[in-house]
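The sequence lines fix the lettering, A, B, ..., with proteins before strands; numbering per chain opens at 1.
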Amino acid sequence: MVRAMVITLLSDFGDLYPASMKGVILGIAPDANIVDISHSIPAQDVLAGAFMLAASAKYFPPGTVHIAVVDPGVGTKRRAIAIRAESKNNVIHYFIGPDNGLLIPAAGSIGDFQVFEITNKILYRDADVSATFHGRDIFAPAGAHISKGFEIENVGGQIKDFVALDFGKARRFKDSIEGSIIFIDTFGNIITNIHSEIVDYRPGDVLDIWNERIVFQSSYGLSGEGEPLALIGSHSYLEIAVNRGSAAQFFNKKQGDGLLIKT
Amino acid sequence: MVRAMVITLLSDFGDLYPASMKGVILGIAPDANIVDISHSIPAQDVLAGAFMLAASAKYFPPGTVHIAVVDPGVGTKRRAIAIRAESKNNVIHYFIGPDNGLLIPAAGSIGDFQVFEITNKILYRDADVSATFHGRDIFAPAGAHISKGFEIENVGGQIKDFVALDFGKARRFKDSIEGSIIFIDTFGNIITNIHSEIVDYRPGDVLDIWNERIVFQSSYGLSGEGEPLALIGSHSYLEIAVNRGSAAQFFNKKQGDGLLIKT
Amino acid sequence: MVRAMVITLLSDFGDLYPASMKGVILGIAPDANIVDISHSIPAQDVLAGAFMLAASAKYFPPGTVHIAVVDPGVGTKRRAIAIRAESKNNVIHYFIGPDNGLLIPAAGSIGDFQVFEITNKILYRDADVSATFHGRDIFAPAGAHISKGFEIENVGGQIKDFVALDFGKARRFKDSIEGSIIFIDTFGNIITNIHSEIVDYRPGDVLDIWNERIVFQSSYGLSGEGEPLALIGSHSYLEIAVNRGSAAQFFNKKQGDGLLIKT
């Protein structure tokens, strides 16, 4: 079987730092197809990074290695980890990054997963690892080696006490749903942690959210311009949007805020 | 003949959404060389997207598939289309996206073109197409399949009543030219719809634009720092610029505004 | 030996213009692996571009061709150059761009280098070179040809009077070090021109910088949240940072400003 050799990168680095990670990867795995998921995660926002990784990873081909670095604890005692996640139909993805929860929702979106601490210095860029840029000096070379077939069992010992992270559980009551905002996208669409599985609204239903009466629709363009709407977005979560506008501005809401939907 | 297998992407997605499109493409066409034209089109600005696609597409190799998504009508009845455009010397490019005019100037920049409605569900990512993200669920897989050789005639029926779009026609009078602003680039250069073919100014000519006396030059660096100038830009259109500054700020102008040039 | 065929791009173009450079490159070198270092250099900021190129180039594989365009003098008499730089252990990198100093620190970061003026019109995209976009019409095709094995001696004559550029020399006194700010990164970390070689502070040492008492640490996360610290960053230069904050905002400093460190 031909390995896909796709390596994705996600970070809060903005500019400058992703390039040296790519250089290091291509030095080890010249045929790697490197895809940026994002380097615009808000600085040190592990939760936002975890959401974007979880929202994207599962669309990549089997064998993809995902390297993610949102890492406020770099240079402290936080561990470096590598994860193998496997779906029910045996699709495997790898995740490399800091042990701060960043990788966990994405690994779970694939299926069951095992976590290994990266301690094998063969994987390091060189003996002289910087204390401030493990993306370049540990995660990039480790990911490149795994992409080339290095066995994940050999990166270091398996660990069970890795740092977990989730987006909170939305709760469904008789006449309402209570949840919170996971993420606000570039359009200003508000993505909640209310999964489509617990939503049974139908197009045309009117919802009461944040003191506004909002119509539940199947897509953005079905409300009047500038009007808010609710819908199940492409991530399978309930979203609040404004047709051709920004719901985050309209409602003045931000990541982490709660919402209560009444009908 | 070896196919080039280049796939370009253009959207107003900013962050997050391009990554899953790339994952879907690489799952179908692992050897595709994916190039981002831009994901920073202003939200829902079909005209700006059409300009950037038309300004870029023709520089790519024969056989390139261009997937573009600026799509305020997603989930409504707007159609999905695929276009084959062919130049006089038989260079073929493909364009995939919504039927809202976005693809038309770029297709025309290659040569004659035929438009097909995408209705063949074989091309869809899976049976369960989202109502909000056709970029991931229809355009990306359709483009990947076409890049691998899927015949465009088989995506669906040819249509003639596609939505057209152009940048307006500049008009040349005896002593003046009247046009409008198509696009403002990152530097603040004002790109007009006045094509070099109807311009016969020479370096050193002084033009009267927006109540300023502006020298026509051959390049940006030939005026004094902070001084406005006019020139034929790299898109073959007349541009208004400010050496080491932003003409859009200097003149307080935006896309769509008109201009009248007198000599 | 298999050539790596990696081509990096760096510019102040923001959007739009990098895409046509990539199209031109892929038309000449279809197998090129194009990696963006950055297109977000502040407009016409040759010094910032030179720093980012010098900070990134050396991490790429042997044979990499680096095309960089921060070019306020485009269309004037400034020359186009190609550089071959070779390290002590015979690793070769190529650099293509304007003769304004942009490429020089990066070339020096590899090792000894030779500079050639690009005058061979075989390398131009076509006879009709634009006066405003040498990135697309000269640098991209020249870089693509060199990546495919075109001998650099054939681009034009070797020159010795190229424009030089450096980041200034920090000076070490008995009880202090005087330097200046080279670059401020996305996090707001202040990167100085004080190289680790002239620094002998130890973690825990307290420094006096800009009227603040700052602890020297080994990594960002070792100070309290919101507290400033000094450290040797991943570029091997002394940095001033704020844990989970922006040092540039904290100290209200910008590129070019000086600093005096006392103990």
pair A:Leu222-B:Thr76: side-chain heavy atoms closer than 4.5 Å
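A:Leu222 vs B:Thr76: side chains touch.
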What residues of residues 40-58 of chain A make heavy-atom contacts with chain B at a cutoff under 4.5 angstrom?
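Listed by number, the contacting residues are A:Ser40, A:Phe51, A:Met52, A:Ala55, A:Ser56.
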Of all the residues in residues 9-24 of chain A, which have a heavy atom that comes within less than 4.5 Å of a heavy atom in chain B?
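Heavy-atom contacts from residues 9-24 of chain A to chain B are absent.
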Region of B:Arg136 in contact with chain A, defined by heavy-atom distances below 4.5 Å:
side chain
Would you confirm whether A:Ser219, through its side chain, and B:Val74, through its main-chain N or O, come within 3.5 Å as a donor-acceptor pair?
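Yes; judged by distance alone, with no hydrogens or angles, the pair exists.
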Would one find more than 12 heavy atoms of other residues, nucleotides or ligands at under 6.0 Å from atom [atom1] of [X]?
X        : atom1 : value
A:Asp205 : CG    : yes
B:Gln249 : CD    : no
A:Asn252 : CG    : no
A:Asn89  : CG    : yes

Show your working on side chain to side chain contact (heavy atoms under 4.5 Å, CB included) between B:Ile34 and A:Val35 and close with a plain yes or no.
CA-CA 9 Å; B:Ile34 302 175; A:Val35 177; 5.7 Å; no
So which of B:Ile28, B:Asp71, B:Leu26 has the largest heavy-atom pair count under 4.5 angstrom toward chain A?
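Most heavy-atom pairs under 4.5 Å with chain A: B:Leu26.
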